[in-house]
Every structure is written in C-alpha cells, then in structure tokens.
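Notes for the one structure printed next.
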Amino acid sequence: MDRFIDDLPPMDLMRSEKMMFVQLIIPVESAQRAVSYLGELGLLQFRDLNSDKSPFQRTFVNQVKRCGEMSRKLRFFKEQINKAGLQSSVHPVSGPDLDLEELEIQLAEHEHELIETNSNSEKLRQTYNELLEFKMVLQKAGGFLVSSNGHAVAEETELSENVYSMNDYADTASLLEQDIRAGPSNQSGLRFISGIICKSKVLRFERMLFRATRGNMLFNQAPADEEIMDPVTAEMVEKTIFVVFFSGEQARTKILKICEAFGANCYPVSEDLTKQRQIIREVLSRLSELEATLDAGIRHRNKALTSIGFHLTKWMNMVRREKAVYDTLNMLNFDVTKKCLVGEGWCPIFAKAQIQEVLQRATFDSNSQVGTIFHVMDSMELPPTYFRTNRFTNAFQEIVDAYGVARYQEANPAVYAVITFPFLFAVMFGDWGHGICLLLGALVLIARERKLSNQKLGSFMEMLFGGRYVLLLMSLFSIYCGLIYNEFFSVPFHIFGGSAYRCRDTTCSDAYTAGLVKYREPYPFGVDPSWRGSRSELPFLNSLKMKMSILLGVTQMNLGIILSYFDARFFGSSLDIRYQFVPQLIFLNSLFGYLSLLIIIKWCTGSQADLYHVMIYMFLSPTDDLGENELFWGQRPLQILLLLLATVAVPWMLFPKPFILRKLHTERFQGRTYGILGTSEMDLELEPDSARQHHEDFNFSEIFVHQMIHSIEFVLGAVSNTASYLRLWALSLAHSELSTVFYEKVLLLAWGYDNLVIRLVGLAVFAFATAFILLMMETLSAFLHALRLHWVEFQNKFYHGDGYKFRPFSFALINDEED
C-alpha cells in the first residue's frame, strides 16, 4: 500500500511548491539592476535584514525620498488632468527611455510651469471676477439710487469717500479717479455703500447690519444675473448685489468692517447715468480682453497637460518600480567592505535556474567585474506557502485562503473545493431553470474577460468577475441537480420519458387527491414528475433530501480524515496516524458511517424500518431485539461492536499521544537513544501537532490539554457537523418551496385573469421575485452555507491554515496593489 501511494504521480495544487532559503551577495555597482530584474521575474521573497532600523536610518533613504517626491508631482499632474477634464493615456506610449535623474529634472520643470500657469490663471480669474461683479453692481445698484437736490455735491462726496476692496484693480481706476476724486469732501447728508455678497450669507449679513446700526440704515438687494466661478475651487457661486443707505461716519466704518468680515466686495457707483455708462463701457472692454487672455492661458495649460498625459502612465510605472527597488535594497545589508550588498530570501526550487540567469544578465548589463554569488542556506524558519494557480483555480484558492493560508506543504483543500464547493451549492440551489440564468451570467463575464480585466470595476462587480469560473461551475452543477430534482422554475417536465405512475382507474380525473399507482419501470433519471402536487410529495422529498444530505456530509468528513492521514504520512508523523487518524476514522464511521449504511440498505430493500428508532436505541438499549426495525441479519451484534469501538476510540485519541511525546522527549535529552537522536528530532520537528519546541520549552500539561481539547472537539463535532450538513436539505426545500409559491401564487394566479394588464403585472412581479430573491439572495445564501460547510465541517478534520503566503518582490503585484 505504501509503495503504491509513493508511486502515484504528484497532484498539482495538492501541496505547495517546495521552497529554499537563499543568500545573495551582490556587488554595489550591479545591485540596483539585479533587484530590478528580480522584480520583473517576481519569484524571490526578500527578508528584511534591517528590521531593527527605522526607515530614516537605512542606506537608500535619500533615493526613496526622491521617488516619493516624484510620485507626489505625478499625482499632482494626474489631479490637474482630471480637473481639466482631459484623458491621460491608459497604455504607456513608446518613447526614449529616461533615467531617474532626467525624469526628475523634467518633472520639476513641468511642475514649475504648471504652478506658474495656475497662479497666473488664478490672478486673472480673480481680476475677471471683480470686473464682472463691478459690472453687475453698476447695472443693478443704479436702480436703487435716488437723486437729491444736492446731486453734484453728494455724488462727488460719496464717490470720493467710498472705500472699495479691489486689490488687483489698479489699472481700471484711472477713469474713476478723474471723475470721483475731483470735488471737496462733505461730512453730512445721506450716504450709501454698494457691493456684492454670496447669496447664502445675505440674511445673516442684513441682520448684522441692522444690529450694528441699530436700524438706522436701508438695505436693498437684488440677485445677480450670472453665477461667478470661484478661482480656487472652480465652482459656480450665486451672488446677491446690495446697496446700504446710512448716515454718519461711524456707521460707515462699522458697515465696511462687517462687509470685510462677511467677504463682501464693495464697489463705487456714480449717481450720474452718463458716468455710469462710461464706466460700464470701460469695464466691458476690460472684460473682453481678460476673457481672451484667460482662454489663451487655458489652451496653453491644456496643451501642456495633454503632452504630460501621454507619458503619465509610463512615468508613474517607472517611479513606482524605482521606489520599490530602493525599498527592497533597504532590506539588504552592506558587508564589512561596503562593496557588496547581502540579501536573504525565499524562492521556489523550480525558480533557481531562472534567478541565476537573471543575476548573470544583471552583472553583464551593468559591466560589473564581479558576479553575484547565489547559494542555498539552511533555515529553521517555516517556509512561506506558494501555489501556482491559473485564472480558473485562483478563485477557489482564494476561498480557502480567506479561512487561513495553508501551512507549508500541507494538503490543500482547494484541490477538492473545485468540485465539492459548487456541487454542495447546487444541492441547495438545484433548479435547472435558475441554473441556466446563472450560466448565462457566467458566460457573459467569461466572454468579456479580456475587456473587463483592464477596467476598474466596483467592489461588487470585481468580486463577481473574480469568481466567474466559480459561478460557471455552480451554474452547471445547479442544472445537473435541477434535472435530478426535476425542477424548472419549480415546474416538473417529462424530459426522460413518461412517468412510472398513473391513475388508479380510467375514471380518475384528479390525480392530486385520488392518488397514483405504479404501472411500469421507474423514471430513468431524477425525480418522477408525477410526485409533483401529490399528497405524498413533501414527505417523499423531505426523506430523500435529508438522507442524501447525511450521505454527502459523512462522505466529505471521511475525505477530510483521509487527507489527515496523507498529511501525517507526508510529514513522517507515525503518532498522528496511529493515535489520531485511526481512532477518528473508527469513531466517525462506527456511528454515522453505520447510519449511512442503514440509509443505503433501506433504499435498496424498500424496508419500512424507522432509522430514528434504530439509532436512538443503539445507545439506550443496544441488547434489545430490533423487531421490525431489523434491516439485515446480524445487525444487533454489529451495533454492539460498533458502539464498543466508538467508546474505545475516545481514550485512544486522548491519552497515548501526549505520553509517548513525553517519553520520546525525555529519552532524547537524557542520552538514552543517541543513536536515533537525529531521526527523533526530525520527526518532532515535522509533526504538525507535536511539541516542536526545544528542551526548555516542552510542557507536558500544555500538550495534554491541547490533545484533550482536540479530542473533545472531534467527538462533539462528529455529531454537530453531521447535523450541520442537514442545511443542504433545509435550503433545498426552502428554494423549491419559494419557487413554487412565486410560480403558483403570482404567475398562475395572474394568468387566470382574462386581462392583459393583470397578466403583465403578474409576469413583472414573478420576474422581479425570481431575479432578486431567487437568483440573488438565494444564491448568496447557498454560497455562504457551502462556504461554512467547507471551512468548518470539512477543513477542521485536517487543515491547520496557520502558514503565511509567499509574497515575492514583483512589479506586477506592485502595480495591482496600486490599482
């Protein structure tokens, strides 16, 4: 048997790749190129040899800072391109290769140019906004002004004393200075201040003015005709024009301070209509000039951003790679001569030749006189776990890794989950109509695989796309189980011939109440369609699915225990085979393996025995006569034997292993068996459940308690896990009954009316319920339950899941994480 197992070819994905611990001694002149080539290969995981140093104490900290600064500039360019509404090139354009220094100079020039352009545009936009506000104030505020007897004097006084906040409006003041500041100042009479303010602040502004002047003012307002762009945020802001009439110097000072506090811009307005029109003409002229200048500036900036956008992706990839290279170099140590870098790490054994070839190429390309030294070392650490997956198996491996990464070289549940996971899902979801809907969705995702893999998807869509092959197998198995259940949207069909049942006599017209009789061979595949709607439909299907769930559960749990045997044999742990695998197999099959045997015998013989009664009284009264519940000759002595075996299996699991471990440990350190010291040490190092600590760390009580917990967990779990598989029956029944309710109480009920509108409404409700409840919620529910059955009921029999993933230094992984 052992020779037969040894001769079996290794199964892909069954165990993780064999790893080796390597040391690299790289000359300084070729270190950067060698690490870069290793990043392209992506098959070496470096160890951090400087973990005791902070990031600022490492050798290449200045290069990392430079790369970080370049990344900041590139992010700034990307923000500017998005802000301008332009599109950067997704695929890197081909062009002359730049080194890091040249790229750094280019990025600095581009950043300086963009910052200067943005600053000028912001100043021009602010001046343009002020002129636009001035124009609107001139147009709206004129209607609020009323001429008085001292028209000329009041006008000159008001315009000369008005203070307006226009910091960048020195050029437009020439005409105003000539017209406004010509006359003498008059300290008496009615005055006014006009300006513009954000619409959201008007109520608070008016209330503050009223309180500050104690009601001695008149406030007039009018909405602005146009929205004004904020130069900083580039958002359009609604504004309101106001005119405040008041009297006295003190009131004027208060009002100006309030305007400044609320961010209101004040502008002078002449009461003379001729001068108003003249100023408006000058303002409009300046506005047209500024518009032309702003447009030219925007075109120039967009041209610069477009040229940057062509190379942006290429530059970002380059900087990202360079930063990753220097981060990795910071994990290496300088030797004492400061001429070589020493690195350590893990790589798969199959990658040894590839890594050596890459290091030789790096030495040649960098014109180094000394080559890189690559040699394998021994390590006491547990190696990382690495499975070579493809796009089909990757999703199943991710499902297993979500529970825990496999310990190095232990059996991988993903190999079996490829089939068992979609199959158990289908047992709960079995309906070939719903399965076809899932199949269409999976085929669409697979057909658009190349296009969708290059797009940025939402979280839900990304999860769905990542599991497209899981969805494909789930749909195919759902069609298969749906054909066995004979359900198409809960409707049975005579696909594989006629029914084996018919009415009791020729006058039978209501098969649902009168009952049916069998008149020919059974239906060739799946459930006979005549069961649908009969009085015994629910008892029959419940019995079928419940017993089938127990059979599937016991089979999968036995598979888990058998895998624990292969693990123990692989790691050379004879203790685990003798004192875990054997008693666990005996205990599970003495109880629930026997129950599965009774189910199969009852199906084959058509017996009317009550299996509940058999199993209960197997424990309560094992010596009593079974009577009509006896399924085969010798059943009672067999039950007594199985009960005794199950009872013996519990202490068999609990006691021997801890005491044998203590005996081996004591002998090893008392010098009684120096001849087999190496073998014993190796066995103890490799045993998954044994104490792998050194002499001073061995703790018998801890080992015993661990073994006791493990034994109790298995014994109780054998019962609870078998019961847990009954969820296959429960969810299958729920799915079938929900489908029946929607079909009979919605679709058929609506179709019974001779009204097109009612029929269409019923069809819409049926389609909605099918899509959102049966195809989405029920799919998610069955998926989660299948996940639980694999993670808990199946994997806890053999899977430790306490390893760590192989994370090589790879540019491809860096780009994926960045995206």
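Fair warning: this is a prediction, and the values are worked out from it, not measured in the lab.
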- Message: Can you confirm whether more than 12 heavy atoms, excluding those of Tyr804, are under 6.0 Å from its OH atom?
- Response: yes
- Query: Asn589 side chain to Leu585 main-chain N or O, any donor-acceptor pair under 3.5 Å?
  - Reply: yes
- Message: I need the minimum non-hydrogen distance between Pro348 and Glu17, along with the two atoms involved.
- Response: CB-CB, 4.5 Å
- Item | Minimum heavy-atom distance between Lys797 and Gly560, given as atom pair plus value | CB-C, 3.7 Å
- Centroid separation Phe714 to His710 less than 6.0 Å: no
- Residues Arg468 and Glu449 bridged, charged N to O under 4.0 Å: yes
- Task: For residues Trp729 and Val427, determine if any side-chain heavy atom of one lies less than 4.5 Å from a side-chain heavy atom of the other.
- Result: no
- Heavy-atom nearest pair, Phe581 first then Ile562, reads CE1-CA, 4.0 Å
- Give the ring-plane orientation class for Phe493 versus Phe488, where under 30° counts as parallel, over 60° as perpendicular and anything between as tilted. perpendicular
- Message: For Phe396 and Phe392, take the angle between the two ring planes, folded into 0 to 90°, and tell me which bin it lands in: parallel under 30, tilted 30 to 60, perpendicular over 60.
- Response: tilted
- Task: State, to 0.1 Å, how close Leu424 and His790 come at their nearest heavy-atom pair, and which atoms those are.
- Result: CD1-CE1, 3.7 Å
- In this structure, CZ of Phe387 is separated from CG of Asn394 (nearest 0.5 Å) by 12.0 Å
- Heavy atoms of other groups near Met463 CE, more than 12 under 6.0 Å: yes
- After noting the C-alpha distance and the side-chain angles of Phe783 and Phe421, does the key distance pass the ring-ring contact (aromatic ring centres under 6.0 Å, His included) rule? CA-CA 9 Å; Phe783 180 91; Phe421 184 85; 5.1 Å; yes
- Message: Using a 3.5 Å distance criterion without hydrogens, assess whether the side chain of Arg532 forms a donor-acceptor pair with backbone atoms of Ser490.
- Response: yes
- Query: Gln45 and Tyr386: side-chain donor and acceptor closer than 3.5 Å?
  - Reply: no
- Message: Quick check: closest heavy atoms across Leu775 and Leu438, and the distance to 0.1 Å?
- Response: O-CD2, 4.4 Å
- Ring geometry between His434 and Phe429 (parallel below 30°, tilted from 30 to 60°, perpendicular above 60°): tilted
- Message: Using a strict threshold of under 4.0 Å (side-chain N to carboxylate O), is an ion pair present between Glu462 and Lys456?
- Response: no
- Query: Do other residues, nucleotides or ligands put more than 12 heavy atoms under 6.0 Å from the CZ atom of Phe465?
  - Reply: yes
- Message: Can you tell me how far apart CG (Asp610) and CE (Met615) are? Round to the nearest 0.5 Å.
- Response: 12.0 Å
- Geometric class of the Trp791/Tyr403 ring pair [parallel <30°, tilted 30-60°, perpendicular >60°]: tilted
- Check the side chains of Ser564 and Gln580 for a donor-acceptor pair under 3.5 angstrom, ignoring hydrogens and angles. no
- May I ask you to check whether Lys545 and Ser549 show a side-chain donor-acceptor distance below 3.5 Å? no
- Query: Side chain of Asn486, backbone of Gly482: donor and acceptor closer than 3.5 Å?
  - Reply: no
- Is the shortest side-chain N to carboxylate O distance from Glu398 to Lys805 below 4.0 Å? yes
- Just wondering, are more than 12 heavy atoms of other shown residues or ligands nearer than 6.0 Å to CG in Asp754? no
- Message: Classify the ring geometry of Phe768 against Phe772: parallel below 30°, tilted from 30° to 60°, perpendicular beyond 60°.
- Response: tilted
- Between Ser596 and Leu551, is there a donor-acceptor pair closer than 3.5 Å when you use the side chain of the first and the backbone of the second? no
- For residues Pro522 and Ala500, report the shortest heavy-atom separation together with the two atoms involved. CA-CB, 3.9 Å
- Task: May I ask you to check whether Thr389 and Gln397 show a side-chain donor-acceptor distance below 3.5 Å?
- Result: no
